[in-house]
Protein chains: 2
Amino acid sequence: MVDKQQTEDGRTQASAPEDGRDEKPRRRQARGERRIAQLLDAAATVFCTSGYTAASTNAIAREAGVSPGTLYQFFPNKEAIAIELGDRLIHKMRDTYGEVLTPADTAAPLRELLDGIVDRFIDFNCQHPAFFALMHGPDVPGRMAEAHDALHAALLARLQDLIAFYAPDAPRAATARIAEMCFGLFKAGLELILAHEGAERDGYVTELKNALFRYLDPVIGDAVGAVAQPPGATSGG
Amino acid sequence: MVDKQQTEDGRTQASAPEDGRDEKPRRRQARGERRIAQLLDAAATVFCTSGYTAASTNAIAREAGVSPGTLYQFFPNKEAIAIELGDRLIHKMRDTYGEVLTPADTAAPLRELLDGIVDRFIDFNCQHPAFFALMHGPDVPGRMAEAHDALHAALLARLQDLIAFYAPDAPRAATARIAEMCFGLFKAGLELILAHEGAERDGYVTELKNALFRYLDPVIGDAVGAVAQPPGATSGG
DNA sequence: GGCAAACACGAGCGGCCGCTCGCGTTTTTC
DNA sequence: GAAAAACGCGAGCGGCCGCTCGTGTTTGCC
């Protein structure tokens, strides 16, 4: 499992100058770090409104208030901007779901569990709308898709464990499909939620929670609520 | 209601040569019609794999086995290709949902109703994958988005009527939100279904039906199943 | 057969975009 | 304070893409 760790990606900092590779260690000044953050903010805005492909590097530079040349002082190409932005968002996301999707404290009833999970993820996505655009956009670069797939798989595995905890008798194939389905349902609800504001948004949040709860309740009810279920009574799935 | 009819869009054929406008009636030969169909098929393939923006007209022409000049003999620009393809698909879609979403024969139980609707729409989308790509792609041309919005609104209105029929006491705002939610859930399930084949696909179809049924059953149950519900008992929405 | 219109071709034009390069400015280091 | 390195600029290069145009071929009509 250690090989799966992705350390720090070594993009913004290198270990030694005499590395021997073609790596340029390029020691950043504080000003440079500020510019990078500025550029990533601008990139988030532009990617969010135009999508990855339609976003032009010149537009990102303009949004950040710098020249195209300055942008390419900190990023080797357009893809690297999206990757760095995506990595930072994914790290934040990992912090978020790390707190929520741990199957340790699953003694809570489903309704409350869902409340916590959904609220956290909704909140994250509302505060970082570029995340949704980068993850679910159809035109992200290849390296980005890998990161997305990794995150997707990780979230899915956690979700599956959670479902399996509530419904231990269900076969793996079934829980996997249910987990994928939950993910898709959440994504659909998220899209509606991001498209509305205020009371409307709250209404859709409630609706999403209802949909997820009602979808999952019978699944876990089969194994938890009715323990002495006869083995022949599979629920048409 | 007559003004809402969109006749034939008058794109492929015109009424009279002495029209007086800048319209060029351009009488097509059988060969030309064949080429148009050929080009639209190719466009469907390319749009489906690359999305609208990333698809190049040269690629569409190549896919159809003709030269770029030939393509522009039948379509004024790239957008027109997507629009014509979208219009044809929308017309087919209208035929499909016209048969299914009519609120006339809603005497059927929810499960069977959902079965019919979902099966039809899934079938349509499996046979015309370009439809999904064109309708839900983020980079479709403006004229396309209008058509999509119109179809979306029409489907939504039908769905809302259907829901209102089953739950006549629910306020319009609530049924509208529920209809939007159903739409989103269906879209999410469709995406999963299109991404799988064979037994896996069937499994997701069942799962989608389950999700929709469980989401809608309590909603219509509140008004149909328990008629003598006290007015104060609103279900947490 | 003869003529006009529709069909077909493909090299190439204009424009946009990702990216570079030469040069000037600010900061760090000794 | 002076050399070195990081920062900053913006005109412009190469390449791709949507689209055109001049020319040649096929089809419909008399």
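Just so you know, these numbers use all the heavy atoms, side chains as well, and skip hydrogens, waters and symmetry mates. Below, read A as the first sequence line, B as the second, and so on, with proteins coming before strands; counting in each chain starts at 1.
- In this structure, A:R31 atom CZ and C:dT28 atom C1' are separated by 10 Å, rounded to whole Å.
- Counting only heavy atoms from C-beta outward, the side chains of A:L89 and A:L85 approach each other to under 4.5 Å.
- Across the protein-nucleic acid pair, A:R27 atom CZ and D:dA5 atom P stand 11 Å apart, rounded to whole Å.
- For the pair B:R62 CZ and C:dA8 P, the interatomic distance rounds to 18 Å; values are reported in whole Å.
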Distances under 3.5 Å only, N/O to N/O: pair up the protein atoms with those of nucleotides 16-18 of chain C.
unit_1 : atom_1 : unit_2 : atom_2 : d
C:dG18 : OP1    : A:A55  : O      : 3.0
C:dG18 : OP1    : A:K78  : NZ     : 3.1
C:dG18 : OP2    : A:T57  : N      : 2.7
C:dG18 : OP2    : A:T57  : OG1    : 3.2

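- Using modelled atom types, one finds a donor on one side chain and an acceptor on the other under 3.5 Å when comparing A:Y215 with B:E207.
- The closest side-chain heavy-atom distance from B:R34 to B:R28 is not below 4.5 Å.
- Contact of the B:H91 side chain with the B:R88 side chain is not registered, since no non-hydrogen atoms from C-beta on lie closer than 4.5 Å.
- Between B:E33 atom CD and C:dA6 atom C1' there is a gap of 12 Å when expressed in whole angstrom units.
- Remark: P of D:dT25 and CD of B:Q73 are 16 Å apart, rounded to the nearest angstrom.
- The phosphate of C:dA8 (OP1 or OP2) has a side-chain N or O of B:R35 nearer than 4.0 angstrom.
- A:V46 places none of its side-chain heavy atoms less than 4.5 Å from the side chain of A:R62.
- Atom pair A:L39:CG and D:dC9:P shows a separation of 10 Å (rounding to whole Å applied).
- Residue A:R28 has no polar side-chain atom (N or O) positioned under 4.0 Å from OP1 or OP2 of D:dA5.
- Each of A:Q29 and A:P68 was assigned the nucleotide of DNA chain D with the nearest heavy atom; the assignment lying further toward the 5' end belongs to A:Q29.
- Counting non-hydrogen atoms under 4.0 angstrom, A:G69 reaches a base of the nucleic acid.
- Ion pairing of B:K187 with B:E191 is absent here, as no side-chain N (NZ or NE/NH1/NH2) approaches a carboxylate O to less than 4.0 Å.
- The stretch residues 42-49 of chain A has no heavy atom under 4.0 angstrom from DNA chain C at all.
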Set out, in order, the CA-CA distance, both residues' side-chain angles and the distance that settles side-chain contact (heavy atoms from CB on, under 4.5 Å) for B:N210 and A:M181, then state yes or no.
CA-CA 11 Å; B:N210 281 342; A:M181 200 69 198; over 6 Å; no

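- A perpendicular orientation is assigned to the rings of B:F186 and B:F121, their planes being inclined by more than 60° (bins at 30° and 60°).
- Across D:dG10, C:dC9, C:dT29, the shortest atom-to-atom separation from the side chain of A:S67 is found for D:dG10.
- For the ring pair (Phe, Tyr, Trp, His ring centres under 6.0 Å) test, residues two or more places apart in sequence or in another chain that qualify with B:H136 are B:F132, B:H148.
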